[in-house]
A.B. asks: 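Pasting a structure below so you can have a look.
Quick caveat, the model's predicted, so the values are computed rather than measured. Basis for what follows: all heavy atoms, side chains included, without hydrogens, waters or symmetry-related copies.
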Amino acid sequence: MSTNKTIPLLNPNDLQALQGSYRLDGHNYLPWAQLVRTTLKGRKKLNHIEGEPPAQIDPNYEAWDDADSLIMTWLWHSMTQEISRNCMFFSTTKEIWENLSQTYSMKKDTTACYGIENKVLYTKQGSLSVTDYYGTLNGLWIKLDQYQDLKMTSTADFVTLTQFIERMRIFKFLFGLNFEFDLIRVQILGKENLPSLSEVFYIVRGEELRG
C-alpha cells in the first residue's frame with residue numbers, strides 16, 4: 001500500500017506580492033527573507049527552500065514541480081530587476097534561495113557583526129520612551145542573531161546558551177535605562193529568579209506609565 005502523501009496544489013493567489021521595503025534590493029535581506037519564510041510556511045511550502053525535491057518518478061513530483069515554478073516566479077517578482085535577472089537561470093526555488101543567502105545574508109561578515117555589537121553597547125534610553133528604547137535594542141539583537149552560526153551538541157546546551165544570552169540582554173537593557181528607573185532596576189536584580197527579558201520590559205514600562 002502506497003504511503004505517498006498528495007502534495008496540495010498551490011494557487012498563484014496564495015502568494016502575496018512583496019512590494020516596497022520588502023522587495024529585495026540588496027540591503028534588506030533579513031526582513032525580506034523572514035517574510036518569504038513566513039509566507040511559505042503559512043502555505044506549507046517551506047520544504048521548497050529547506051527540503052529536497054521528490055524523485056522524478058515519484059507520483060507527487062509533477063505537483064511539486066508546478067508549485068516550485070510558481071514560487072520561483074513569485075520570488076523573481078519580489079526582487080529588484082538587477083537582482084532578479086541574476087536568478088533567472090536557476091532550476092529550483094532552493095537554488096535561488098541558497099544563492100541569495102550566500103550573497104546577501106552576510107552571516108560571516110565580522111565587520112557588520114562588530115558594528116551591530118557596537119550599536120548595542122552604546123545604546124541608552126536618553127530621550128526615548130521605554131518602549132522605543134527596548135524596540136531599538138531588540139531590533140539590533142534580532143539582526144545580531146542572524147549572524148550566529150552556533151551548533152549545539154544537545155538540547156541542554158542550547159537551553160543553557162539561550163538563557164545566558166537572555167541574561168546578558170536583560171543586564172544591558174537595565175544598564176541603559178535612565179536614572180529614574182534606578183529603584184525598579186534594583187528590585188528586578190534583587191529577585192531570586194530573574195524574570196525573562198520580555199517580563200523585565202513590561203515591568204519597567206509599567207513603572208514608566210505610573211510615573
A.B. asks: Kindly give the heavy-atom pair with the smallest separation between Thr80 and Arg23, and that separation in Å.
C.D. replies: N-CG, 3.9 Å
A.B. asks: Looking only at heavy atoms, what is the nearest atom pair of Pro195 and Ile203, with distance?
C.D. replies: CG-CD1, 4.3 Å
A.B. asks: CG/Leu70 to CG/Leu75 distance, rounded to the nearest 0.5 angstrom?
C.D. replies: 11.0 Å
A.B. asks: Determine whether the side chains of Glu199 and Ser196 contain a donor N or O and an acceptor N or O closer than 3.5 Å.
C.D. replies: yes
A.B. asks: Taking all non-hydrogen atoms of both residues, which atom of Glu207 and which atom of Arg210 are closest, and how far apart?
C.D. replies: OE1-NH2, 3.0 Å
A.B. asks: State whether the side chain of Asn178 and the backbone N or O of Glu180 hold a donor-acceptor pair below 3.5 Å, judged by distance alone.
C.D. replies: no
A.B. asks: When you compare the side chains of Ser154 and Asp157, does any donor N or O come within less than 3.5 Å of an acceptor on the partner?
C.D. replies: yes
A.B. asks: Quick one, His48 with Trp64, criterion ring pair (Phe, Tyr, Trp, His ring centres under 6.0 Å). Give me CA distance, side-chain angles, the key distance, then yes/no.
C.D. replies: CA-CA 9 Å; His48 284 264; Trp64 178 91; 5.0 Å; yes
A.B. asks: Between Tyr29 and Thr103, is the side-chain contact (heavy atoms from CB on, under 4.5 Å) condition met? List the steps.
C.D. replies: CA-CA 10 Å; Tyr29 176 81; Thr103 304; over 6 Å; no
A.B. asks: Would you compute the distance between atom CE of Met168 and atom CD1 of Ile165 and round it to the nearest 0.5 angstrom?
C.D. replies: 10.0 Å
A.B. asks: Where is the tightest heavy-atom contact between Leu144 and Arg169, given as atom of each residue plus distance?
C.D. replies: CD2-NH2, 4.4 Å
A.B. asks: So, for Met72 and Ser91, which heavy atoms are closest and what is the spacing to 0.1 Å?
C.D. replies: SD-O, 3.6 Å
A.B. asks: Please check if the side chain of Gln125 supplies one atom and the backbone of Gly176 the other of a donor-acceptor pair under 3.5 Å.
C.D. replies: no
A.B. asks: Looking at side-chain heavy atoms only, is the closest gap between Phe173 and Asn138 below 4.5 Å?
C.D. replies: no
A.B. asks: Does Phe171 belong to the same Ile/Leu/Val/Met/Phe/Trp/Tyr cluster as Leu137, with side-chain heavy atoms less than 4.5 Å apart forming each link?
C.D. replies: yes
A.B. asks: Is there a side-chain contact between Leu161 and Phe158, using heavy atoms and a 4.5 Å cut-off?
C.D. replies: no
A.B. asks: If hydrophobic clusters are built from ILVMFWY residues whose side chains come within less than 4.5 Å, do Phe179 and Tyr133 share one?
C.D. replies: no
A.B. asks: Would you tell me whether Ser129 and Thr131 have side-chain atoms, one donor and one acceptor, within less than 3.5 Å of each other?
C.D. replies: no
A.B. asks: Membership question, hydrophobic clusters at under 4.5 Å side-chain separation (ILVMFWY): are Met88 and Met79 in the same one?
C.D. replies: yes
A.B. asks: Would Thr93 and Trp74 count as a side-chain contact (heavy atoms from CB on, under 4.5 Å) here? Give the steps.
C.D. replies: CA-CA 10 Å; Thr93 296; Trp74 173 64; over 6 Å; no
A.B. asks: With a 4.5 Å heavy-atom cut-off, do Trp141 and Lys172 have their side chains touching?
C.D. replies: yes
A.B. asks: Taking only Lys NZ, Arg NE, NH1 and NH2, and the carboxylate oxygens of Asp or Glu, determine whether Lys94 and Glu50 approach each other closer than 4.0 Å.
C.D. replies: no
A.B. asks: State plainly whether one hydrophobic cluster holds both Val120 and Phe164, where clusters connect Ile, Leu, Val, Met, Phe, Trp and Tyr through side-chain heavy atoms under 4.5 angstrom apart.
C.D. replies: yes
A.B. asks: Start with the C-alpha gap between Leu24 and Val36, add the side-chain angles, then the distance that decides, and say whether side-chain contact (heavy atoms from CB on, under 4.5 Å) holds.
C.D. replies: CA-CA 10 Å; Leu24 181 62; Val36 168; over 6 Å; no
A.B. asks: Taking atom OG1 of Thr38 and atom CZ of Arg43, what is their separation to the nearest 0.5 Å?
C.D. replies: 10.5 Å
A.B. asks: Rounded at 0.5 Å granularity, tell me how far CG in Leu35 sits from CZ in Arg37.
C.D. replies: 12.0 Å
A.B. asks: Find out whether Thr92 and Trp97 are in side-chain contact, i.e. whether some heavy atom of one side chain is under 4.5 Å from a heavy atom of the other.
C.D. replies: no
A.B. asks: Within the supplied structure, the quantity of interest is the number of heavy atoms (other residues, nucleotides, ligands) at a distance under 6.0 Å from Gln81 CD; does it exceed 12?
C.D. replies: no
A.B. asks: Would one find more than 12 heavy atoms of other residues, nucleotides or ligands at under 6.0 Å from atom NZ of Lys41?
C.D. replies: no
A.B. asks: Given side chains that start at C-beta, do those of Tyr134 and Arg205 come closer than 4.5 Å, heavy atoms only?
C.D. replies: no
A.B. asks: Minimum heavy-atom separation for Ile116 and Leu140, please, with both atom names.
C.D. replies: CG2-O, 3.5 Å
A.B. asks: Find out whether Ile96 and Asn99 are in side-chain contact, i.e. whether some heavy atom of one side chain is under 4.5 Å from a heavy atom of the other.
C.D. replies: no
A.B. asks: Are Leu197 and Tyr202 packed together at the side-chain level, in the sense that at least one heavy-atom pair is separated by less than 4.5 angstrom?
C.D. replies: no
A.B. asks: Hey, does Val204 have a side-chain heavy atom less than 4.5 Å from the side chain of Glu208?
C.D. replies: no
A.B. asks: Indicate if Phe175 and Val130 have the same hydrophobic cluster label, given that clusters are the connected sets of ILVMFWY residues with side-chain heavy-atom separations under 4.5 angstrom.
C.D. replies: no
A.B. asks: Would you sort out whether Cys87 and Leu100 count as a side-chain contact (heavy atoms from CB on, under 4.5 Å), showing the intermediate values?
C.D. replies: CA-CA 9 Å; Cys87 298; Leu100 293 174; 3.8 Å; yes
